[in-house]
Novice: 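Here it is, the structure, as structure tokens.
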Number of protein chains: 2
Amino acid sequence: MSGEDNLLKLVEVEAPDDQDYLLQEQVGFILRKAHQRHVAIFAAHIGDLTPPQFAALAKLRDVGETSQNQLGTLIAMDAATVKGVIDRLKARGLVELSRHEVDKRRLLVNLTAAGRDAIERLIPLAREITQETLAPLSAKEIATFMKLLVKLA
Amino acid sequence: MSGEDNLLKLVEVEAPDDQDYLLQEQVGFILRKAHQRHVAIFAAHIGDLTPPQFAALAKLRDVGETSQNQLGTLIAMDAATVKGVIDRLKARGLVELSRHEVDKRRLLVNLTAAGRDAIERLIPLAREITQETLAPLSAKEIATFMKLLVKLA
DNA sequence: TTGATATCATTTGCATACGAATGAATTTCT
DNA sequence: AGAAATTCATTCGTATGCAAATGATATCAA
């Protein structure tokens, strides 16, 4: 019985029927939905900042002044994307920009006092966002999920 | 020793120090990176179609003709987003649009012959994309991960 | 030293993604 | 039937996200 099942499974893997392709079971599709849900939870808690903007501030808090490019690497954004994010944070007075003294290509980014205040104030909310995002899972499931998600990312 | 560690852990959970907030350990951040990685894998296999466009075609293959709105619900896109996706698929001749005879509000979407050919041709590639996305995990880990991801999405 | 390479930033173009506002058509309620 | 509420689609504005091209600066190598 189980031998036959295994055989069938093998055959399926080797020569799957196109009829069986179900979008709603594919990782990519579900990953997109999970991400959407998280963004919605984020917006419900922190309305005036997007997740990428928050990520930029949180990382600047960690590492202090860095180049725009380096910051992009740290928060997984390409150069074009990070520029837009930083421009908007600068327009709101949360970060300030300056040129690197030695390497004139680099644009240094740093938190302003307002930016530091904002990120310190928002971090407790961010903890709630993480909690609510993971709420469908038990503590043990969370540990398992996070371990596997890290492997996948 | 381990007793002290557990006590420390408990204290940490109850009253976490803001200093401990690490962006790179938050679900939302890793979810975003995992999604990014999947999109990159998708683009490497299917260059001339985006994941949302593919999702629309795959779902139309499943359910046949539907309204634009209903399709959006099925593939988790809001009305504004699905419109853009369908417009581009229409411009490429992969779907065709018509008005619902009875309910004149509804815009019916259907695959063209070219659209059906395209999705049938792409599904084997989509299987590879799913496989490659999940490649960092073992078969058992994949089963666990998918179960938990579904709960989260 | 200078010529080739590499790095950093910017810009453009295209494609999601979503909130909010609007208009048209339908349904529900009274 | 007529008014109110709902639903479907569209449009606008804002914000990622990435590829590709460009310009400025640095670094490396012959």
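A note on names: the letters A, B, ... follow the listed sequences, proteins ahead of strands, and every chain is numbered from 1.
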Novice: Charged N to carboxylate O under 4.0 angstrom, Asp87(B) versus Lys90(B)?
Specialist: no

Novice: Would you say Lys33(A) and Gln24(A) are linked by a side-chain donor-acceptor pair, where the criterion is simply a distance under 3.5 Å?
Specialist: no

Novice: If you compare every side-chain N and O of Gln68(B) against the phosphate oxygens of dT10(D) (OP1, OP2), does one of them come in below 4.0 Å?
Specialist: yes

Novice: Rounded off to whole Å, could you give me the NZ-to-P distance for the Lys83(A) and dT12(C) pair?
Specialist: 11 Å

Novice: Taking atom P of dT27(D) as reference, at what distance in whole Å does atom NZ of Lys104(A) sit?
Specialist: 12 Å

Novice: Donor-acceptor check, side chain of Arg61(A) to backbone of Arg116(A), threshold 3.5 angstrom: yes or no?
Specialist: no

Novice: Within the structure shown, what part of the strands sits under 4.0 Å from Val82(B) by heavy-atom distance: base, sugar-phosphate, or nothing?
Specialist: nothing

Novice: Indicate whether the side chain of Gln26(B) and that of Thr130(A) have a donor and an acceptor atom separated by less than 3.5 Å.
Specialist: yes

Novice: Could you give the CZ-to-P distance, from Arg106(B) to dT26(C), as a whole number of Å?
Specialist: 10 Å

Novice: Assign the ring pair Phe54(B) / Phe42(B) to parallel, tilted or perpendicular, where the plane angle (0 to 90°) is split at 30° and 60°.
Specialist: perpendicular

Novice: Whole-Å distance between dT25(D) P and Leu108(A) CG?
Specialist: 16 Å

Novice: Charged N to carboxylate O under 4.0 angstrom, Asp103(A) versus Arg106(A)?
Specialist: yes

Novice: Separation of Leu107(B) atom CG from dA24(C) atom C1', in whole Å?
Specialist: 13 Å

Novice: How close or far is atom P of dC8(C) from atom CD of Gln70(A), stated in whole angstroms?
Specialist: 8 Å

Novice: Going from CD on Glu65(B) to NE2 on His100(B), what distance comes out if it is rounded to the nearest 0.5 angstrom?
Specialist: 8.5 Å

Novice: Separation of Phe42(A) atom CZ from dA17(C) atom C1', in whole Å?
Specialist: 16 Å

Novice: Rounded to whole Å, how long is the line connecting atom NZ of Lys33(A) with atom P of dT16(C)?
Specialist: 18 Å

Novice: Heavy atoms under 4.0 Å is the rule here; annotate nucleotides 12-23 of chain D 5' to 3' with B where the base is hit, S where only the sugar-phosphate is, and - elsewhere.
Specialist: ---SSBBB----

Novice: When all nucleic acid strands are considered with a 4.0 Å heavy-atom cut-off, which category describes Val109(A): base, sugar-phosphate, or nothing?
Specialist: nothing

Novice: By nearest atom, which of the nucleotides dT25(D), dT26(C), dA9(D) is closest to the Asp103(B) side chain?
Specialist: dT26(C)

